[in-house]
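A short write-up of the structure that comes next.
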2 protein chains.
Amino acid sequence: MSRLTTEERQTMIIDEAIKIIHSGGYEALSIREIAKQVKISEPAIYRHFLNKEDIILGILNRMLEFDKLLNKNIAAAKSAKQKIRQFVLFHFEFLENNPEMTSVLFSEEMYNQSEILKKKLVFIIQKRKQLLKVILDDAKNSGELIDVDNFELMSIILGTIRIIVMEWRLSNFSFQLTDRGKSMLKILDKLILL
Amino acid sequence: MSRLTTEERQTMIIDEAIKIIHSGGYEALSIREIAKQVKISEPAIYRHFLNKEDIILGILNRMLEFDKLLNKNIAAAKSAKQKIRQFVLFHFEFLENNPEMTSVLFSEEMYNQSEILKKKLVFIIQKRKQLLKVILDDAKNSGELIDVDNFELMSIILGTIRIIVMEWRLSNFSFQLTDRGKSMLKILDKLILL
DNA sequence: TTTTTGTTAGTGAGTGTTAACTATTTTATT
DNA sequence: AATAAAATAGTTAACACTCACTAACAAAAA
């Protein structure tokens, strides 16, 4: 067996960790299982991560990469209206292509493990809310959005996205998430866009 | 120590189990910890429940009791409009008075333990959706509701309730949930009621 | 006397993590 | 360019601990 660099192993370890959570929930995520999937010994894991918490932190950093993609995607949209649509649709598109990330998204137990993890999760959520807030403020300024409190609108949009993804999971991914997202977006259009 | 009946012990065990989940997440829910809190030995737990899954099933049945209360509360409302408002508000009122139930609500790992548990959870969610569906259908028939697909409206309402409760949890219950619920309801009123 | 609720002691399996050591790769020196 | 030294990535074996659950027995209540 040839040795790999820490960066390569870290990537493999995070990859497999996400897969394990997807197939067996956070409870199934053990150092033993990761080692088995990555095909190295358990102690070798500790060459690349400080401890289990550090691995979970790595998973959370993967979620930040989604945010980068989301930002790029939205920057390309022209009108504020289009930005809102892209914000919603890109969530569904990304998760449809990366269904294992929904498991990460809903593994609340995982973030409950330590204050560091919880803070990081709150940070990620906060960042996404901030992005949506800027878009909604723009939309309101350009008269494209209904005149109600943006703070509440954010909860409506994010809550609706989240529960649809949850329904998708509970149905064992049995429907096309983007299709469902599109029909949801139509209604949302009617309700909040002018 | 005086002996108690199975019914009394079962109630105590479920009570403590919920408390444990609330303070330490599902991961903290062990037979050992329950026994410690109830102040009986571990094997004594097995006099009153078949196994751990059976205890979780008991917790899920507690959630069904909320549904009974919700049904009563809604039956008292006169107009369909009022029923929608009550459906939303009662969720917030109940959880504000029983914050530990939010932990149960969000312990997804718990229901992932077995197919039986997952099915029971899906059943509970399905039941609550059905209740909301009937209300929305009524509201539409009596011309009190905006004319969009009710299926999508259900996701918007349930998703918004859920994410507000999630925000409440992540803030360590630092704001008044019912107040937040009321201002949310105002916006929802504007958006979907005629 | 029988049933029910409790106890103590113990099972095998799984957990994250560490100590001690080895093999490979990279860097520095001859 | 060849070789010695240092750093890195891996191993096996074991640590102390927690897990859900059970056998065997005791005491209280019906």
Side-chain angles (χ1 to χ4, degrees), chain A residues 1-21 23-60 107 109-118, chain B residues 1-21 23-60 107 109-118:
Chain A
M1 285 297 142
S2 64
R3 279 176 27 166
L4 298 181
T5 66
T6 298
E7 285 74 27
E8 288 170 319
R9 280 295 188 215
Q10 280 175 337
T11 305
M12 290 174 75
I13 288 167
I14 300 288
D15 280 348
E16 294 303 326
I18 291 172
K19 278 186 205 163
I20 291 164
I21 291 168
S23 64
Y26 171 67
E27 205 204 27
L29 184 73
S30 66
I31 302 294
R32 200 150 298 176
E33 189 58 29
I34 296 173
K36 192 178 161 192
Q37 295 303 322
V38 178
K39 290 182 178 64
I40 54 176
S41 66
E42 294 171 53
I45 302 280
Y46 290 88
R47 292 277 172 221
H48 312 294
F49 289 95
L50 223 66
N51 48 33
K52 198 181 176 183
E53 181 185 56
D54 200 27
I55 295 174
I56 300 172
L57 227 46
I59 294 174
L60 280 168
S107 283
E109 285 295 326
M110 190 161 70
Y111 315 116
N112 222 41
Q113 292 299 110
S114 80
E115 273 309 307
I116 295 173
L117 291 174
K118 199 184 162 188
Chain B
M1 284 297 140
S2 63
R3 281 178 26 170
L4 297 181
T5 65
T6 299
E7 286 74 26
E8 287 170 319
R9 280 293 189 218
Q10 280 176 338
T11 305
M12 290 173 74
I13 289 167
I14 300 288
D15 281 348
E16 295 304 325
I18 291 172
K19 279 186 203 163
I20 291 164
I21 292 168
S23 64
Y26 171 67
E27 204 204 29
L29 184 73
S30 65
I31 302 294
R32 198 152 300 175
E33 190 58 29
I34 296 173
K36 192 178 161 191
Q37 296 303 322
V38 178
K39 289 180 179 64
I40 53 176
S41 66
E42 293 172 54
I45 302 282
Y46 290 89
R47 292 280 172 219
H48 312 294
F49 288 95
L50 222 68
N51 49 32
K52 197 181 178 184
E53 182 185 54
D54 200 26
I55 296 173
I56 299 171
L57 228 46
I59 294 173
L60 280 168
S107 284
E109 287 294 326
M110 191 160 69
Y111 316 116
N112 222 40
Q113 292 298 110
S114 80
E115 273 309 307
I116 294 172
L117 292 174
K118 200 184 163 188

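Residue numbers begin at 1 in each chain, while the letters A, B, ... track the order of the sequences.
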Fill in: Nearest atoms (heavy-atom pairs only) where Ile34(B) meets Ala17(B)
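For Ile34(B) and Ala17(B), the tightest heavy-atom pair comes out as CD1-CB, 4.2 Å.
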Worksheet entry | Where Leu117(A) and Met110(A) come nearest, the two heavy atoms and their spacing |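 Nearest heavy atoms, Leu117(A) then Met110(A): CD1-O, 3.6 Å.
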Fill in: N-O pairing of Lys118(A) and Glu115(A) below 4.0 Å
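No, no charged N to carboxylate O under 4.0 Å.
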Taking [Y]'s backbone N and O only, do any of them form a donor-acceptor pair with [X]'s side chain (distance below 3.5 Å, no angle check)?
| X | Y | answer |
| --- | --- | --- |
| Glu109(A) | Tyr26(B) | yes |
| Lys52(B) | Leu29(B) | yes |
| Thr5(A) | Glu8(A) | yes |
| Gln10(B) | His48(B) | yes |

Worksheet item: Ser30(A) side chain N/O closer than 4.0 Å to the phosphate oxygens (OP1, OP2) of dT15(C)?
Response: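 The answer is yes; a side-chain N or O of Ser30(A) sits under 4.0 Å from OP1 or OP2.
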Discussion item. It should be established whether His48(B) places a side-chain nitrogen or oxygen under 4.0 Å from OP1 or OP2 of nucleotide dG6(C).
Written reply: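 So the side chain of His48(B) is within the cut-off, an N or O lying under 4.0 Å from OP1 or OP2 of dG6(C).
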Fill in: Inter-end axis angle, the helix from dT1(C)-dA30(D) to dT30(C)-dA1(D), with every axis fitted to five base pairs (rounded, 10 degrees)
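Terminal axis comparison yields 10°.
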Given atom [atom1] of [X] and atom [atom2] of [N], what is their separation to the nearest angstrom?
| X | N | atom1 | atom2 | answer |
| --- | --- | --- | --- | --- |
| Ile34(B) | dT18(D) | CD1 | P | 17 Å |
| Arg47(B) | dT5(C) | CZ | P | 9 Å |
| Ile55(B) | dC21(D) | CD1 | C1' | 11 Å |
| Glu27(A) | dG16(C) | CD | C1' | 15 Å |
| Glu33(A) | dG14(C) | CD | C1' | 12 Å |
| Tyr46(A) | dT15(C) | OH | C1' | 9 Å |
| Arg9(A) | dT24(C) | CZ | C1' | 13 Å |
| Ile56(B) | dC21(D) | CD1 | C1' | 15 Å |

With heavy atoms under 4.0 Å as the rule, sort [X] into base, sugar-phosphate or nothing.
| X | answer |
| --- | --- |
| Leu29(A) | sugar-phosphate |
| Ser41(A) | base |
| Arg32(B) | base |

Counting side-chain heavy atoms from CB outward, which of [options] is closest to [X]?
| X | options | result |
| --- | --- | --- |
| Ile40(B) | dG10(D), dA20(D), dG6(C) | dG6(C) |
| Thr6(A) | dT22(D), dA9(D), dG10(D) | dA9(D) |
| Ala44(B) | dT7(C), dA20(D), dG16(C) | dT7(C) |
| Arg3(A) | dT25(C), dA19(C), dA23(D) | dT25(C) |

